[in-house]
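Structure record follows, encoded as structure tokens.
In what follows, chains carry the letters A, B, and so on, assigned in the order in which the sequence lines appear, proteins first and then strands, with residues in each chain numbered from 1.
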2 protein chains.
Amino acid sequence: MQLKKYTDYGLRILMYLASFDADDKCAEPKLATIREICDTFDLSANHVNKVVHHLGRLQLIETRRGKNGGFLLAKQPEDISLAFVIRQLEGDEKWIECENPYCVAMPACELKGIVARGKELFYDYLSQYTLKSLMVKAPQLRQIFSTAS
Amino acid sequence: MQLKKYTDYGLRILMYLASFDADDKCAEPKLATIREICDTFDLSANHVNKVVHHLGRLQLIETRRGKNGGFLLAKQPEDISLAFVIRQLEGDEKWIECENPYCVAMPACELKGIVARGKELFYDYLSQYTLKSLMVKAPQLRQIFSTAS
DNA sequence: TCAAACATACATTCATAATGCATTTATTAT
DNA sequence: ATAATAAATGCATTATGAATGTATGTTTGA
């Protein structure tokens with residue numbers, strides 16, 4: 001019972017982008033690259049590659065191919081819900097499985113509903129927060145990210 | 001992000017025991033055996049073996065070795081919290097991991113706290129329910145269990 | 001047209017949950 | 001006492017899926 005690293009990496013990437021976004025609203029926004037993310041967080045390029053692609057498909061970031069390409073947030077940090085990000089990256093599966101292997105108790109089982117509602121509570125709670133909520137220490141984050149690599 | 005089958009099996013076992021417990025308060029309580037559980041739910045004896053042992057160590061069930069041995073609930077169903085059972089069987093690990101691989105953002109990261117609180121909310125919710133909450137359809141469960149295998 | 005950057009597909013490794021197997025220990029009926 | 005039964009324990013194996021690695025394609029700007 002733990003979030004996948006995949007999801008974790010996705011959140012790190014978004015935090016990275018948001019920290020620069022908070023920097024300067026007027027200037028042409030900085031593009032990040034996969035290489036840059038990997039250097040900063042010391043992660044595998046391939047895995048980051050996939051997560052970035054996924055974030056792009058989710059329209060959370062805008063990706064640009066080619067020379068001087070890269071990616072940036074596609075929306076304002078306050079419009080990116082943590083619940084959405086985690087649900088999508090994590091995959092929205094049931095937290096308890098009655099079918100595999102099949103449980104004979106299923107027709108009379110109260111458990112699956114209870115766990116399902118608990119899961120929804122978790123996501124409801126997360127939906128109070130956005131990427132902006134993670135930016136309360138943006139200057140410190142920027143400092144960390146610029147020093148790292 | 002899913003409960004382990006191990007945890008699931010543990011809950012099934014407890015439900016099985018509780019369904020009989022609800023049956024007849026006065027009679028010497030029926031003992032279940034691992035074999036019986038395996039037959040009923042069509043599970044591997046070895047895995048069930050381990051879960052039963054674990055439930056015993058947690059003092060949720062009382063196990064008896066030897067001929068005519070088996071196990072039964074060690075407390076009333078209303079005193080067995082689903083939050084406790086799941087937390088224990090699942091292992092009480094963090095839902096997000098900052099150390100592996102280490103995340104440079106950690107000193108300025110709001111995320112870990114948010115996820116941790118969400119996790120606690122999940123368990124707080126579960127702590128409203130006990131094994132007794134799973135017995136609202138006890139007669140039907142008994143019927144299922146007696147027919148199965 | 002070259003180089004940089006993401007896109008995509010497939011293969012491989014790794015972690016760990018899920019099983020399997022064998023043996024030991026405790027208990028009780030005979 | 002002894003045999004049978006049931007949990008306890010330890011170790012080995014398999015299965016699953018996440019996490020990586022490798023390779024190549026595609027787009028784009030200089």
Can you list, by residue number, the residues of residues 90-103 of chain B that have a non-hydrogen atom closer than 4.0 angstrom to DNA chain D? none
Rounding to an integer number of Å, can you tell me how far B:L31 CG sits from D:dT5 C1'? 13 Å
B:I34 versus B:A45, closest heavy-atom pair with distance: CG2-O, 3.9 Å
Picking from D:dA8, D:dA4, D:dG29, the nucleotide nearest the side-chain atoms of A:K67 would be D:dG29
For the pair B:E78 (side chain) and B:T130 (backbone), establish whether a donor and an acceptor sit closer than 3.5 Å, ignoring hydrogens and angles. no
Could you tell me how far apart A:L43 (CG) and D:dG21 (P) are, to the nearest whole angstrom? 11 Å
Given A:Y129 and B:E110, is the side-chain hydrogen bond (donor to acceptor under 3.5 Å, both in side chains) satisfied, shown in steps? CA-CA 10 Å; A:Y129 297 96; B:E110 301 295 312; over 6 Å; no
Boundaries of the DNA chain C segment in contact with chain B, non-hydrogen, under 4.0 Å: C:dA17 to C:dA29
Both B:N68 and B:L3 contact DNA chain C. Which one's nearest nucleotide lies toward the 5' end? B:L3
For the pair B:Y16 and B:F145, name the ring-plane relationship: parallel under 30°, tilted 30 to 60°, perpendicular over 60°. tilted
note: B:R35, atom CZ; D:dA6, atom C1'; distance rounded to Å ~ 10 Å
Using heavy atoms to find the nearest nucleotide of DNA chain C for B:N46 and B:Y6 separately, return the residue whose nucleotide is more 5′. B:Y6
Where does the angle between the aromatic ring planes of B:H47 and B:Y9 fall among parallel (under 30°), tilted (30 to 60°) and perpendicular (over 60°)? perpendicular
Report yes if the side chains of B:L131 and B:L73 come closer than 4.5 Å at any heavy-atom pair, otherwise no. yes
Is there side-chain contact between A:K119 and A:K94, with at least one heavy-atom pair below 4.5 Å? no
Residues A:R87 and A:E120 bridged, charged N to O under 4.0 Å: yes
Without decimals, in angstroms, what is the distance between B:L55 CG and D:dA7 C1'? 13 Å
Hey, does A:G69 reach any base, or is it just sugar-phosphate, or nothing, if we go heavy atoms under 4.0 Å? sugar-phosphate
Tell me: NZ of A:K50 to P of D:dA18, nearest whole Å? 12 Å
Minimum heavy-atom distance between B:M15 and B:L134, given as atom pair plus value: CG-CD1, 3.8 Å
To the nearest Å, give me how far apart NZ (A:K4) and C1' (D:dA18) are. 8 Å
Rounded to whole Å, please give me the gap between NE2 in A:H53 and P in D:dG25. 18 Å
Identify whether any heavy atom of A:G56 sits under 4.0 Å from a base atom; if not, whether one sits that close to sugar-phosphate; answer base, sugar-phosphate or nothing. nothing
Take the protein atom CD of A:Q2 and the nucleotide atom C1' of D:dA18, then report the distance between them rounded to whole Å. 12 Å
